[in-house]
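Right, one structure below, let's go through it.
It should be emphasised that the depicted structure is a prediction, and the values quoted were computed from it without experimental measurement. A note on names: the letters A, B, ... follow the listed sequences, proteins ahead of strands, and every chain is numbered from 1.
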Amino acid sequence: MQELKIYNTLSNKKEVFKPLKNGYVGMYVCGPTVYSNVHLGNVRTFMSFDLIYRYLLHLGYKVRYVRNITDAGHLTDDNAEDKISTKARIEKLEPMEIVQKYTVDFHQILEKFNNLSPSIEPTATGHIVEQIEAIKTILENGLAYEVNGSVYFDVLKYNEKEHYGILSKRKIEDAIENTRNLDGQSDKKNPQDFALWKKAEPEHIQRWPSPWGVGFPGWHLECTVMSTKYLGEKFDIHGGGMDLKFPHHECEIAQSQACNHTAPVNYWMHGNMLTMNGKKMSKSTGNSILPNEIFTGENEHISKAFSASVARFFMLQAHYRSILDFSNDAILASEKGYIRLMEAVSLTSKLESSKSSSFDVKAWKQKCYDAMNDDFNSPILIAHLFEAVKFINLLKDGKETLTKEDLLEFTTTINSFVFDVLGLESAEVGEDNLDKLSGVVEMLIKMRNQARADKDWNLSDKIRDELLILGIQLKDGKDGTSFTVN
RNA sequence: GGCGUCAUGGCCGAGUGGCUAGGCUGGGCUCUGCAAAAGCUCCCACAGCGGUUCGAAUCCGCUUGACGCCUCCA
């Protein structure tokens with residue numbers, strides 16, 4: 001098996017990946033809070049982990065990929081209404097209708113982007129019992145306290161033995177110094193303490209009974225409980241967006257330590273943000289673009305519609321740990337590159353072999369693996385794929401050669417990287433329709449060739465130009481005319 | 001204010017102490033009836049200032065700037 005290096009945000013270093021159990025990987029990724037449509041920035045994170053999931057599968061690992069759905073609303077501050085409830089009130093729906101609506105939307109969008117489904121997709125509300133049990137354990141272990149129907153995690157006490165801030169590289173002393181005292185209306189002993197269980201006010205709709213009264217679980221707890229349940233007290237990879245590092249993931253570590261007396265995760269991975277106009281995409285500021293707006297082109301930031309594959313390719317051209325800025329120019333450039341890549345890939349089935357090879361397929365193949373083994377460096381992989389594109393075009397013209405064996409290995413490799421690992425899809429034209437379309441276009445090509453033979457350039461150009469308007473491009477090559485559909 | 005990340009050519013975006021990223025765009029050439037496509041080729045770089053080094057865009061320090069987190073956030 002290839003040696004894979006993963007950048008661990010716990011150590012801030014690339015580390016050789018060694019799963020706990022040989023050949024098996026347990027991976028947990030924080031999913032969305034389903035109170036509104038996912039925007040493109042949300043999609044980027046899930047796509048980054050889709051790439052990681054796909055590559056692990058490609059390497060032959062058996063991966064259990066758990067990604068939760070947060071369907072219990074959490075509070076933006078101690079006294080506000082949670083987002084799901086707010087949305088339910090605005091849309092005049094039950095909270096669970098909101099949850100259902102946006103869960104379906106989330107699945108549909110990710111499917112359009114050709115993301116593979118996780119192995120398990122647990123919900124927070126489906127694991128209230130387990131969350132209550134975890135709180136009991138933390139209370140028993142003396143690292144939480146109950147006040148007025150709520151239970152809080154005692155961060156200062158935890159910090160006596162463990163380091164609260166190990167992931168986000170913070171010192172709790174700094175946090176305390178920089179905390180402004182807000183009126184003291186909170187039940188917390190310390191502002192850094194976080195809720196494990198919150199007492200439900202009468203108007204709070206999502207509510208469950210507990211040993212501490214009617215309430216609802218704290219935000220961080222669900223991930224601890226569900227990852228433990230499905231992946232064990234210790235598992236290989238935990239992922240999420242960079243913005244979840246603190247406090248969410250920090251709290252997860254503290255909760256797991258408090259429950260299970262062990263660090264839960266060997267490799268922490270954080271995907272970086274998608275920005276637009278240099279600022280983080282965020283619905284609250286209006287600086288965001290929805291996937292459906294990409295598909296229809298109906299957004300002031302873009303000049304035309306783009307397919308999900310193009311958007312996917314655009315995002316894969318940047319490394320998952322880099323900030324990526326979305327712009328019309330950038331995605332237009334990606335679209336051209338994407339088309340060039342996919343046209344070359346579609347040519348691979350038509351290539352012919354020779355007696356010798358003018359290209360070192362094995363060396364090229366290893367470079368592709370090296371790129372992905374270096375912390376899933378998809379931009380480098382894509383650069384190597386473009387090297388292959390050039391080679392394919394020369395091969396087609398007979399200017400390069402491959403033996404039968406090399407050709408097979410070459411086409412197998414390029415197809416598996418493009419489709420299986422990067423998860424790109426070729427243009428969606430139904431097989432049947434494509435056959436019919438081909439017939440029609442071939443007929444027009446014949447007519448045009450007759451016109452060209454007669455030097456009737458007006459007619460031949462008319463056929464070519466009008467087809468182009470319809471999105472069908474003719475290409476005159478040495479072996480006759482071919483066409484592509486845009 | 002605290003913590004952290006990043007500053008690469010016209011645009012997007014990789015990267016390593018000495019050697020080509022790649023894509024898009026622009027110029028030239030080949031091919032073509034003309035185009036397009038494809039191929040070849042050219043131009044344009046590593047924020048600024050110091051330091052380490054035989055040698056740094058790559059390591060260290062400072063300056064400037066941008067962004068992220070510190071409240072829900074992918």
Quiz item: So, is Asn393(A) near the phosphate of rG39(B), with a side-chain N or O under 4.0 Å from OP1 or OP2?
Solution: yes
Self-check item: Whether Asp71(A) side chain and Val99(A) backbone form a donor-acceptor pair below 3.5 Å
Solution: no
Exercise. Using heavy atoms to find the nearest nucleotide of RNA chain B for Ser168(A) and Arg464(A) separately, return the residue whose nucleotide is more 5′.
Key: Ser168(A)
Exercise. Report yes if the distance between the aromatic ring centroids of Phe295(A) and Phe113(A) is under 6.0 Å, otherwise no.
Key: yes
Quiz item: Parallel, tilted or perpendicular for Tyr55(A) and Phe417(A), by the 30°/60° rule?
Solution: parallel
Exercise. Would you please confirm or rule out a distance under 4.0 Å between OP1 or OP2 of rU5(B) and any side-chain N or O of Lys169(A)?
Key: no
Quiz item: Does Asn272(A) put a side-chain nitrogen or oxygen below 4.0 Å from OP1 or OP2 of rG68(B)?
Solution: no
Quiz prompt | Sugar-phosphate only, base, or nothing, as touched by Gly41(A) at under 4.0 Å among non-hydrogen atoms | solution = base
Self-check item: Atom C1', compared across rG39(B) and rA74(B): separation rounded to whole Å
Solution: 42 Å
Quiz prompt | Lys390(A) NZ to rA21(B) P, straight-line distance once rounded to whole Å | solution = 13 Å
Quiz item: Would you say the base of rA35(B) and the side-chain of Asp461(A) have a donor-acceptor pair closer than 3.5 Å?
Solution: no
Quiz item: Any idea how His249(A) and His238(A) line up, ring-wise: parallel (<30°), tilted (30 to 60°), or perpendicular (>60°)?
Solution: perpendicular
